[in-house]
Peer 1: 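Mind having a look at this structure? Questions to follow.
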Amino acid sequence: MKLRNILWVIAIGLFASPTIAGVGEGKELYDAYCQVCHGGLGEGQTMGKPLIDSVTNRLSDDELLDVINNGRNGTGMAAWGGSFSETEILDIATYVRVLQGKPGLDLADDTGGPSDDPLVIAGERLFNGVAGCVTCHSYNDQGGSVGPALDSVADRLGYGLELALFNPSATILAGYEVKVVEQQDGTIVRGRYRNDSELAVQIQSEDGTRWVTYFKDRVKSIEDSDESLMPETYATLGAVEQEQLMAFLRSL
Ligand code: HEC
Ligand code: HEC
């Protein structure tokens with residue numbers, strides 16, 4: 001274990017930190033600010049505990065980031081969140097993982113650390129722009145709520161991802177089924193529904209922010225629909241745009 005950690009550090013020394021994905025300035029910052037208490041290899045010093053022991057090894061990535069950002073009240077471990085940018089904190093935490101003999105943070109990709117893959121960047125721009133996906137879908141807690149959050153959607157759907165994009169109505173995700181209400185004046189309302197009872201049903205507003213109640217004896221008809229609320233936009237995009245969007249969705 002110890003030997004592995006030392007080898008990692010030697011590797012970093014030889015190839016300089018940029019070769020290790022995600023470490024960025026982590027080593028420089030660690031050496032400048034953390035080493036004095038935690039030791040150059042995370043072995044611990046009089047003023048700080050080891051960072052390569054089983055206790056710190058078992059911290060989840062979130063917990064690790066939390067300690068570095070917010071410190072530990074009443075101990076020598078100060079809150080560093082105010083002193084460094086989000087990216088610098090991620091770099092430092094990644095470097096702590098490297099000292100522990102791990103490849104890095106698991107969440108390095110999905111905490112919003114910006115990707116540098118041009119396909120992914122173009123895809124994200126489409127998603128939030130002309131393709132209009134973000135009006136219905138969120139990722140990293142940002143976006144609409146008419147459709148499901150798309151964090152790790154590629155893991156969830158596997159090969160089903162293409163089908164979900166090309167033909168949304170082929171399989172409709174549970175909880176996103178649709179009802180169509182025809183009101184007395186002929187107005188049609190389509191949306192996701194909840195609280196379906198003998199008396200009434202609630203339909204989600206188009207912008208996803210409200211649930212509107214329709215009493216069944218006060219409308220002309222209420223029917224189930226087997227058409228997804230998701231438009232078939234993806235199929236209308238060019239091959240390049242499709243590839244960009246797909247790369248972005250896979251990166252989530
Ligand atoms: C002045 C000394 C000091 C400095 C500088 C310092 N720490 Fe700490 N750190 C501590 C002490 C003491 C603890 C133990 C707190 C406790 O008792 O829970 C700690 C705890 C931690 C823990 C939690 C370990 C665990 O197992 O629970 C992490 C992670 C950590 N420090 C990372 C860092 C990083 C990264 C830096 C640099 C940005 C840093 N520390 C700078 C003193 C320091
Ligand atoms: C008008 C709202 C709306 C828009 C715009 C929209 N979607 Fe959807 N999307 C949904 C709804 C509702 C579902 C769930 C129903 C279903 O499975 O078809 C869904 C499902 C999905 C799924 C499958 C999720 C899962 O977990 O099964 C993916 C992937 C997806 N959308 C991607 C996109 C992309 C990419 C765009 C932009 C090109 C987009 N959506 C635009 C409403 C929308």
Peer 1: Side-chain contact test, heavy atoms from C-beta onward, threshold under 4.5 Å: evaluate it for Asn70 versus Trp80 and give yes or no.
Peer 2: no
Peer 1: What's the separation between atom CG in Asp151 and atom CG in Leu252, rounded to the nearest 0.5 Å?
Peer 2: 6.5 Å
Peer 1: Any side-chain donor paired with an acceptor under 3.5 Å for Asn57 and Ser54?
Peer 2: no
Peer 1: In terms of hydrophobic clusters joined by side-chain contacts under 4.5 Å, are Leu65 and Met77 together?
Peer 2: yes
Peer 1: What's the shortest heavy-atom distance between Leu249 and Ala154, and which atoms?
Peer 2: O-CB, 4.2 Å
Peer 1: I'd like to know if the side chain of Glu25 and the backbone of Asp91 have a donor-acceptor N/O pair within less than 3.5 Å.
Peer 2: no
Peer 1: Starting at CG of Asp117, measure out to CZ of Arg250 and round the result to the nearest 0.5 Å.
Peer 2: 12.0 Å
Peer 1: Measure the CG-SG distance between Leu99 and Cys34 for me, rounded to the nearest 0.5 Å.
Peer 2: 9.5 Å
Peer 1: Considering only heavy atoms from C-beta outward, does the side chain of Met246 approach that of Glu243 to under 4.5 Å?
Peer 2: no
Peer 1: Report all side-chain donor-acceptor pairs from residues 159-174 shorter than 3.5 Å, counting only partners two or more places apart or in another chain.
Peer 2:
unit_1: Ser169; atom_1: OG; unit_2: Ser228; atom_2: N; d: 2.9

Peer 1: If only atom types and distance count, is the side chain of Ser145 paired as donor or acceptor with the main-chain N or O of Gly208 below 3.5 Å?
Peer 2: yes
Peer 1: Using a strict 4.0 Å threshold on nitrogen-to-oxygen distance, state whether Lys216 and Asp196 make a salt bridge.
Peer 2: yes
Peer 1: What's the spacing between Leu126 CG and Leu245 CG if we round to 0.5 Å?
Peer 2: 5.0 Å
Peer 1: Do the side chains of Asn195 and Val201 get nearer than 4.5 Å, heavy atoms only?
Peer 2: no
Peer 1: To the nearest 0.5 angstrom, please state how far the CG atom of Asp66 sits from the CG atom of Leu59.
Peer 2: 9.5 Å
Peer 1: Can you list the steps and then say if Gln202 with Tyr193 is a side chain to side chain contact (heavy atoms under 4.5 Å, CB included)?
Peer 2: CA-CA 5 Å; Gln202 290 183 311; Tyr193 68 93; over 6 Å; no
Peer 1: Donor-acceptor pairs under 3.5 Å, side chain of residues 220-227 to any protein atom, not counting sequence neighbours: which ones?
Peer 2:
unit_1: Asp224; atom_1: OD1; unit_2: Lys179; atom_2: NZ; d: 2.5
unit_1: Ser225; atom_1: OG; unit_2: Glu227; atom_2: N; d: 3.0

Peer 1: Determine yes or no for a side-chain-to-main-chain donor-acceptor pair under 3.5 angstrom, with Glu177 supplying the side chain and Gly175 the backbone.
Peer 2: yes
Peer 1: In chain order, what residues pass the side-chain contact (heavy atoms from CB on, under 4.5 Å) check against Val189, with sequence neighbours excluded?
Peer 2: Val181, Gln183, Ile203, Tyr214
Peer 1: Can Val120 be reached from Tyr234 by stepping across I, L, V, M, F, W or Y side chains whose heavy atoms are under 4.5 Å apart?
Peer 2: yes
Peer 1: Transitively linked via ILVMFWY side-chain contacts under 4.5 Å: Leu64 with Tyr33?
Peer 2: yes
Peer 1: Answer with yes or no whether the hydrophobic clustering places Leu237 together with Val134; edges join I, L, V, M, F, W, Y residues whose side-chain heavy atoms lie under 4.5 Å apart.
Peer 2: yes
Peer 1: With Thr56, which of Gln100, Lys49, Arg97 fulfils side-chain hydrogen bond (donor to acceptor under 3.5 Å, both in side chains)?
Peer 2: Lys49
Peer 1: Under the criterion side chain to side chain contact (heavy atoms under 4.5 Å, CB included), I'd like the reasoning laid out for Leu29 against Phe84: C-alpha separation, chi angles, the key distance, then a yes or no.
Peer 2: CA-CA 9 Å; Leu29 294 170; Phe84 298 118; 3.9 Å; yes
Peer 1: Quick one: do Leu119 and Leu150 end up in the same hydrophobic cluster if we chain Ile, Leu, Val, Met, Phe, Trp and Tyr together by side-chain heavy atoms under 4.5 Å apart?
Peer 2: no
Peer 1: What pairs with Ser205 under side chain to side chain donor-acceptor pair (under 3.5 Å), at least two apart in sequence or on another chain?
Peer 2: Asp207
Peer 1: Under a 3.5 Å threshold, yes or no: a donor from one side chain and an acceptor from the other, between Asp62 and Ser60?
Peer 2: no
Peer 1: With a sphere of 6.0 Å drawn around CD of Glu206, does it hold more than 12 non-hydrogen atoms of other residues, nucleotides or ligands?
Peer 2: no
Peer 1: Do the non-hydrogen side-chain atoms of Arg190 and Leu229 ever get within less than 4.5 Å of each other?
Peer 2: yes
Peer 1: What I'd like to find out is whether the side chain of Met47 reaches to under 4.5 Å of the side chain of Val36, using heavy atoms alone.
Peer 2: yes
Peer 1: Determine, stepwise, if the pair Phe127 / His137 fulfils side chain to side chain contact (heavy atoms under 4.5 Å, CB included).
Peer 2: CA-CA 9 Å; Phe127 187 95; His137 292 286; 3.8 Å; yes
Peer 1: How long is the span from the NE2 atom in His38 to the CD1 atom in Ile52, to the nearest 0.5 Å?
Peer 2: 12.0 Å
Peer 1: Around atom CZ of Arg58, are there more than 12 heavy atoms from other residues, nucleotides or ligands closer than 6.0 Å?
Peer 2: no
Peer 1: Using side chain to side chain donor-acceptor pair (under 3.5 Å) as the criterion, list what pairs up with Asp141, not counting sequence neighbours.
Peer 2: none
Peer 1: Would you say the ring centers of Phe248 and Tyr139 fall short of 6.0 Å from each other?
Peer 2: yes
Peer 1: Identify, with sequence neighbours excluded, every residue that meets side chain to side chain donor-acceptor pair (under 3.5 Å) alongside Asp155.
Peer 2: none
Peer 1: Could you report the tightest heavy-atom contact between Tyr95 and Gly40, atom names first, then the distance?
Peer 2: OH-O, 4.3 Å
Peer 1: With the side chain counted from C-beta on, respond yes when Arg192 and Val146 share a heavy-atom pair under 4.5 Å apart, and no when they do not.
Peer 2: no
Peer 1: Would you say that more than 12 heavy atoms from the other residues, nucleotides or ligands in this model lie under 6.0 Å from the CD of Glu198, or not?
Peer 2: no
